[in-house]
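Structure, as structure tokens:
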2 protein chains.
Amino acid sequence: MAEPAEDTEDIIGPSSAPATAESPSSTSTSPSHHGATQSQPPPVSATKPPAKRNAFTELMSPKPKAPISQAPQSMASKASQVIRGVWRGALGEYIEHPERFPSQVLRVTPNTVLLKDAFPKATIHLLLLPRSPAHYLLHPHAALADPAFLAMMRAEAASAAKLAAAELARQLGSFSATNRARDEALSKGAKDGEEERLPPGRDYEKEIRVGTHAHPSMAHLHVHIISRDMRSERVKHKKHYNSFTTQFFVPLADYPLAADDVRRETGFQNGNLKRDLVCWRCGKGFGGRFAELKRHLEEEFEAWRAE
Amino acid sequence: MAEPAEDTEDIIGPSSAPATAESPSSTSTSPSHHGATQSQPPPVSATKPPAKRNAFTELMSPKPKAPISQAPQSMASKASQVIRGVWRGALGEYIEHPERFPSQVLRVTPNTVLLKDAFPKATIHLLLLPRSPAHYLLHPHAALADPAFLAMMRAEAASAAKLAAAELARQLGSFSATNRARDEALSKGAKDGEEERLPPGRDYEKEIRVGTHAHPSMAHLHVHIISRDMRSERVKHKKHYNSFTTQFFVPLADYPLAADDVRRETGFQNGNLKRDLVCWRCGKGFGGRFAELKRHLEEEFEAWRAE
DNA sequence: TATTCCGATAGTGAC
DNA sequence: GTCACTATCGGAATGAG
């Protein structure tokens, strides 16, 4: 998804210093998801105990073995070499050299890189990339079967979702009825952050979705942090839209997937991408008429941000 | 096919005075066709005897009855009214008011109007329209089952084919090896028309094809007089090409069609239009790759005109 | 399912 | 099978010193 691209305006605040690592809390609360099924208890055979680990040990520890690994660790760096320079490996650049992309990278921790998707499919669209070579070339279903890795990604994603929600509030708060009191208080000089003095405003975290694609094209594991609206010039065809609005999109909260989860099936997922278009907000069907859906999404965007 | 359109250069000589009728020989020799099957003896139940008739009696005579008429005569003028002004009836304008299109109409006789196709699908592409209201809204298969009408159309088409061949010689003669001696004699001052003194040159009538479309879109009966090359910017998709290079194109020499002729079948003809593309000259297949065929046709055109 | 380019395919509207 | 316009659908290339 993300490739080195020209900078754009109106982004999630000024870019933080790219290589400035923040101290991550590797086992914080799960991000607030909405809709979709809830995650099952993790019955998957994992090699790591759910014991608490810090970021450094996480990165440096031995990698999970066979059950969740498609590419043995010994091949990981080799695969990384092969992938470098071709489009499938483009995200690797952000992992290895986040400092080269100050306008796209929002945050670097010992465990992850958070960046703006270069081809955003909604008003807010971020990617969370794990930095662990033992995991980042695995299929999401495999990597996220590792409980410790999953816990780390959930914690980092929760933080990223808060950042995304704050940016959504910044961009759309003034259009929101729910947010009006807070917005007016802010415009009267109240400072953001003084939460105790401000009206609560709209809960924009509910409008942020966090999850993976069932069959990613980019080799490096990436978790999408995306606003619900799907309003973007970069949404250009049915697969773009369906990859985020059908079960092709797997909420991070749903991991680890059960062994028989239908979302693992390629045929099922190919069908999802080709399915008739349905408005994510009102459920109206549009068949294959993508342009008509796009026009409809503009109207829904206006209504959605006005909520 | 032909609609009122802008004039173009490099056309079949200067436009003849449009409304100037020529005296047609209503029963002259058949046009020289090539390829395809030869015409069978006419076993079709026809209402008119094959007796010789002149143009006037042909136009004024009572119309053929049921066996070859889809629309009874009483309905013909009504249908003409309904069709006028919409695209299916566009050719009616040339029949009723040939004098309005001096740059497109090449010849008007009591029986026919000959005009340049406004969207030519080859180097030379003319349309021959019968003027008889009793025939011109019939399906070609029906109208051309009338022996007298067929004989008239063949005679007029033969004349049109000669005109087309002459224009082809004018445009392409200088590129032709076969034509070189004649071309050089002409360039040395010999006058065209003094056939006894000129080398024979290439027989361009062999490169002209005369026939109908099995399922025309334009309501008025029209016979195509078209050069073989299919080289034209107006050939824009598979159906354009296949409508002239498959059995969808029915040579005038093949009329009247037998009752069980496969070319009457809609399913067969729809299949012809959708068939994989094949070069008319070398037989090479191009699948559905129309753009590739187009590039190939440019090469074939060079070789063909050099023959 | 990365994008982009090209091109084949499909539906419509025309008065 | 009329044209012209829009758009959907489908494959192929994509890097690089």
Side-chain angles (χ1 to χ4, degrees), chain A residues 1-5 82-93 117-119 121 127 139-140 212-220 222 224 234-244 246-250 263 266 268-274 276-277 286-295, chain B residues 1-5 82-91 117-119 121 127 139-140 212-220 222 224 234-244 246 248-250 263 266 269-274 276-277 286-295:
Chain A
M1 305 210 80
E3 292 180 358
V82 169
I83 277 168
R84 180 178 298 138
V86 303
W87 65 264
R88 290 195 69 250
L91 294 180
E93 291 295 299
D117 192 300
F119 302 91
K121 301 303 188 293
L127 298 181
H139 188 282
T212 67
H213 277 162
H215 298 302
S217 287
M218 305 302 280
H220 295 81
H222 51 287
H224 298 272
R234 298 300 194 167
V235 178
K236 294 182 175 180
H237 51 66
K238 182 187 283 188
K239 287 183 180 179
H240 282 154
Y241 185 79
N242 280 347
S243 72
F244 287 99
T246 69
Q247 290 186 79
F248 193 91
F249 184 85
V250 182
R263 291 172 293 181
T266 300
F268 172 75
Q269 295 296 17
N270 284 342
N272 276 327
L273 292 177
K274 293 176 183 172
D276 282 355
L277 298 159
F286 290 83
R289 301 181 305 280
F290 182 79
E292 195 180 330
L293 169 67
K294 288 283 286 182
R295 289 188 289 271
Chain B
M1 305 210 82
E3 292 180 358
V82 169
I83 277 168
R84 180 178 300 138
V86 303
W87 66 264
R88 291 195 69 251
L91 294 180
D117 193 299
F119 302 92
K121 302 303 188 293
L127 298 181
H139 188 284
T212 67
H213 277 162
H215 298 300
S217 286
M218 305 302 280
H220 294 82
H222 52 287
H224 298 272
R234 299 298 194 168
V235 178
K236 294 182 176 181
H237 51 65
K238 182 187 284 189
K239 287 183 180 180
H240 281 155
Y241 185 79
N242 279 348
S243 72
F244 287 100
T246 69
F248 193 91
F249 185 85
V250 181
R263 291 173 292 182
T266 299
Q269 296 296 17
N270 284 343
N272 276 327
L273 292 177
K274 293 176 183 174
D276 283 354
L277 299 159
F286 290 83
R289 302 182 303 282
F290 182 78
E292 194 179 331
L293 170 68
K294 288 283 286 181
R295 290 187 287 268

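All chains are named by letter (A, B, ...) in the order of the sequence lines, taking the proteins before the strands, and each is independently numbered beginning at 1. These numbers come from a predicted model, not from an experiment.
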Quiz item: Using atom P of each nucleotide, how far apart are dT6(D) and dC15(C) to the nearest Å?
Solution: 15 Å
Quiz item: Using a cut-off of less than 4.0 Å, is there contact between a side-chain N or O of Arg289(A) and OP1 or OP2 of dA10(C)?
Solution: no
Quiz item: Of all heavy-atom pairs between Pro216(B) and His139(B), which one has the smallest distance, and what is that distance?
Solution: CD-NE2, 4.1 Å
Quiz item: To the side chain of Met218(B), which of dG1(D), dT8(D), dT2(D) is closest?
Solution: dT2(D)
Practice problem: Return the value, rounded to whole Å, for the distance between atom NZ of Lys239(B) and atom P of dT2(D). | Solution: 11 Å
Quiz item: What residues form a ring pair (Phe, Tyr, Trp, His ring centres under 6.0 Å) with Phe286(B), not counting sequence neighbours?
Solution: His296(B)
Practice problem: Please examine the side chains of His220(A) and Ile83(A), heavy atoms only from C-beta on, and report whether any two atoms are closer than 4.5 Å. | Solution: yes
Quiz item: If you check the Trp87(B) side chain, which of dA14(C), dT4(C), dA2(C) turns out closest?
Solution: dA14(C)
Quiz item: Closest to the Phe119(A) side chain: dA4(D), dA8(C), dT3(C)?
Solution: dT3(C)
Self-check item: Sugar-phosphate, base or nothing in reach of Arg88(A), heavy atoms under 4.0 Å
Solution: nothing
Quiz item: dT2(D), dG1(D), dC15(C): which one has an atom nearest the side-chain heavy atoms of His222(B)?
Solution: dT2(D)
Quiz item: His237(A): what forms a side-chain hydrogen bond (donor to acceptor under 3.5 Å, both in side chains) with it, not counting sequence neighbours?
Solution: His240(A)
Practice problem: Would you please name every residue forming a side chain to side chain contact (heavy atoms under 4.5 Å, CB included) with Ser243(A), sequence neighbours left out? | Solution: His213(A), Phe248(A), Leu273(A)
Exercise. Please check if the side chain of Lys274(B) supplies one atom and the backbone of Lys239(B) the other of a donor-acceptor pair under 3.5 Å.
Key: no
Quiz item: Of the nucleotides dA7(D), dT2(D), dC3(D), which one has an atom closest to the side chain of His240(B)?
Solution: dC3(D)
Quiz item: What is the nucleic acid contact for Asn270(A), judged by heavy atoms within less than 4.0 Å: base, sugar-phosphate only, or nothing?
Solution: base
Quiz item: To the nearest 0.5 Å, what is the distance between CG (Asp117(A)) and NE2 (His224(A))?
Solution: 7.0 Å
Quiz item: Does Arg88(A) have any salt bridge (charged side-chain N to carboxylate O under 4.0 Å, His left out) partners at least two apart in sequence or in another chain, and if so, which?
Solution: none
Quiz item: Hey, which of these two, Ala291(A) or Tyr241(B), hits DNA chain D nearer its 5' end, going by closest nucleotide?
Solution: Tyr241(B)
Exercise. Heavy atoms only: give me the nearest Phe244(A)-Lys121(A) pair and the separation to one decimal.
Key: CE1-CG, 3.6 Å
Exercise. Can you figure out which of dT4(C), dA2(C), dG7(C) approaches the side chain of Lys236(A) most closely?
Key: dT4(C)
Quiz prompt | Atom pair distance, as rounded to whole Å: CD in Glu292(A) and C1' in dA7(D) | solution = 12 Å
Quiz item: Considering only side-chain heavy atoms of Lys121(B), which listed nucleotide, dT3(C), dC3(D), dA2(C), is closest?
Solution: dC3(D)
Self-check item: Spacing of Phe286(A) atom CZ relative to dA7(D) atom P, expressed in whole Å
Solution: 15 Å
Quiz prompt | Nearest to side-chain heavy atoms of Phe248(B), which nucleotide of dG1(D), dC3(D), dT4(C) | solution = dG1(D)
Quiz item: Does a nitrogen or oxygen in the side chain of His237(A) sit under 4.0 Å from OP1 or OP2 of dA7(D)?
Solution: no
Exercise. In whole angstrom, give me the gap between the P atoms of dG15(D) and dC5(C).
Key: 12 Å
Protein and nucleotides 9-11 of chain D: nitrogen or oxygen contacts under 3.5 angstrom:
none

Exercise. Might you point out which heavy atoms bring Lys294(B) and Val235(B) nearest each other, and give the distance in Å?
Key: NZ-O, 3.0 Å
Quiz item: Which dot-bracket string fits DNA chain C when only Watson-Crick or G-U wobble pairs with both atom distances under 3.5 Å count, crossing pairs get [ ], and | stands for a partner on a different strand?
Solution: .|||||||||||||.
